[in-house]
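Take a look at the structure below.
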Amino acid sequence: MSKQRVAVLGARGRMGSEAVRAVEAAEDMELVAALGRGDPLDALAETGAEVAVDLTHPDSVMANLEYCVTRGVHAVVGTTGWTEERLALLRGWLDASPGTGVLIAPNFGIGAVLTMRFARQAARFFESVEVVELHHPGKADAPSGTAVRTAQLVAEARRDAGLPAQPDATSTALDGARGADVDGVPVHAVRLRGLVAHQEVLFGDEGETFTLRHDSLHRSSFMPGVLLGVRRVSAAPGLTFGLEHFLDLD
Ligand SMILES: NC(=O)C1=CN([C@@H]2O[C@H](COP(=O)(O)OP(=O)(O)OC[C@H]3O[C@@H](n4cnc5c(N)ncnc54)[C@H](OP(=O)(O)O)[C@@H]3O)[C@@H](O)[C@H]2O)C=CC1
Ligand SMILES: O=C(O)C1=N[C@H](C(=O)O)C[C@H](O)C1
């Protein structure tokens, strides 16, 4: 069996260095390039990379993906910063490169994927919901991509169930005290030395609360998801948003 030729972009970073180790340890993969900021992307073509794993920075990921997709290199993306405008650009590149697959995974951790799934399921049963994400202080963005995705899924489920906006009688507040508003769901971001990646989804209604919590205690928790993405992306042309599409969750 021939090995999949894999490149890691952001290879010297917290996630990228973990991904380099995981790809090197995978028997069905060969690490053909490990690129950091400033390293020429032409190394992908020169080494015949079939799949690029992007774990860089929201400011870098679009240029990397344009390079990959226009050359038919499949991509597995953990980098955050996704907006509708960015997704539309990416879809345009993919339309012009049929056969190329891109997986964007807001979170590669199975527990985080399940948290999002369960939050979506729970959403219609509770009047109130808030998301709290907690991360290491080196994180570039806030709120986390996972928290944004969680809030969007919850908001969508509330809309589908015909729920009204949740009540909040706050009439005076310091800026930021109620968090960021993502589709009507308050999202709070904590940055704390010692943490890796954590999230709580808090639901409340008359006389009860319900809390979902996930903790990534080490970045190794993301690696089975990264490797699954690498194994599956070439058979999934176009854009796949969310690792759940590569998991049999039902
Ligand atoms: N989906 C998921 O499950 C997870 C996603 N993430 C996301 O992954 C991204 C990276 O996180 P993290 O590893 O903590 O960040 P780090 O800052 O530790 O690592 C990012 C690395 O990418 C490098 N880099 C920046 N631009 C480029 C480029 N154009 N080409 C190659 N390398 C580049 C950086 O170099 P320099 O330091 O010189 O800038 C740095 O070494 C973030 O968006 C984060 O949110 C993180 C964990 C899990
Ligand atoms: O930067 C991180 O660390 C993480 N980023 C992703 C996000 O923004 O959701 C995934 C995970 O939370 C870790």
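Position 1 is the first residue of the sequence; numbering continues from there. All ligand and atom numbering here is 1-based and tracks the order in the structure.
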For Arg86, is there any backbone N or O sitting under 3.5 Å from a side-chain donor or acceptor partner on Thr83?
yes

List every atom of ligand 1 that sits less than 4.0 Å from any heavy atom of Gly13, numbering the atoms from 1 in the order shown and giving each element.
18 (O), 19 (O), 21 (C), 41 (O)

Under the salt bridge (Lys or Arg N to Asp or Glu O under 4.0 Å) test, which residues partner Arg213, sequence neighbours left out?
Glu200, Asp215

Do His188 and Glu130 get their side chains close enough for a donor-acceptor pair, meaning under 3.5 Å?
yes

Backbone or side-chain N or O of Ala105 under 3.5 Å from ligand 1 N or O
yes

Please report, to 0.1 Å, the donor-acceptor pairs under 3.5 Å made by any side chain of residues 13-20, with sequence neighbours excluded.
| residue | atom | partner | partner atom | Å |
| --- | --- | --- | --- | --- |
| Arg14 | NH2 | Gly138 | O | 3.0 |
| Ser17 | OG | Gly13 | O | 2.6 |
| Ser17 | OG | Arg14 | O | 3.4 |
| Glu18 | OE1 | Arg21 | NH2 | 3.1 |

Pair Phe108, Phe222 - check ring pair (Phe, Tyr, Trp, His ring centres under 6.0 Å), show working.
CA-CA 5 Å; Phe108 288 110; Phe222 302 117; 7.3 Å; no

Heavy atoms, side chains only, cut-off 4.5 Å: are Thr150 and Val182 in contact?
no

Can you tell me how the ring of Phe203 sits relative to the ring of Phe126, calling it parallel under 30°, perpendicular over 60° and tilted otherwise?
tilted

Non-hydrogen atom of Ala140 closer than 4.0 Å to ligand 1:
no

Heavy-atom distance from atom 13 (O) of ligand 1 to the protein below 4.0 Å?
yes

Hey, looking at atom 20 (C) of ligand 1, which of Thr56, Leu9, Val76 has the closest heavy atom?
Thr56

Can you list, pair by pair, the side-chain donor-acceptor contacts under 3.5 Å of residues 234-248, counting residues two or more places apart and other chains?
| residue | atom | partner | partner atom | Å |
| --- | --- | --- | --- | --- |
| His245 | NE2 | Phe241 | O | 3.1 |

Looking at atom 25 (C) of ligand 1, is any protein heavy atom nearer than 4.0 Å to it?
yes

Please tabulate, one line per pair, the protein nitrogen or oxygen atoms found under 3.5 angstrom from a nitrogen or oxygen of ligand 2, with distances to 0.1 Å, or say none if there are no such pairs.
| residue | atom | partner | partner atom | Å |
| --- | --- | --- | --- | --- |
| ligand 2 | 1 (O) | Lys139 | NZ | 2.9 |
| ligand 2 | 3 (O) | His136 | NE2 | 2.9 |
| ligand 2 | 5 (N) | Lys139 | NZ | 3.1 |
| ligand 2 | 8 (O) | Lys139 | NZ | 2.7 |
| ligand 2 | 8 (O) | Gly145 | N | 2.8 |
| ligand 2 | 9 (O) | Gly145 | N | 3.2 |
| ligand 2 | 9 (O) | Thr146 | N | 2.8 |
| ligand 2 | 9 (O) | Thr146 | OG1 | 2.5 |
| ligand 2 | 12 (O) | His135 | NE2 | 2.6 |

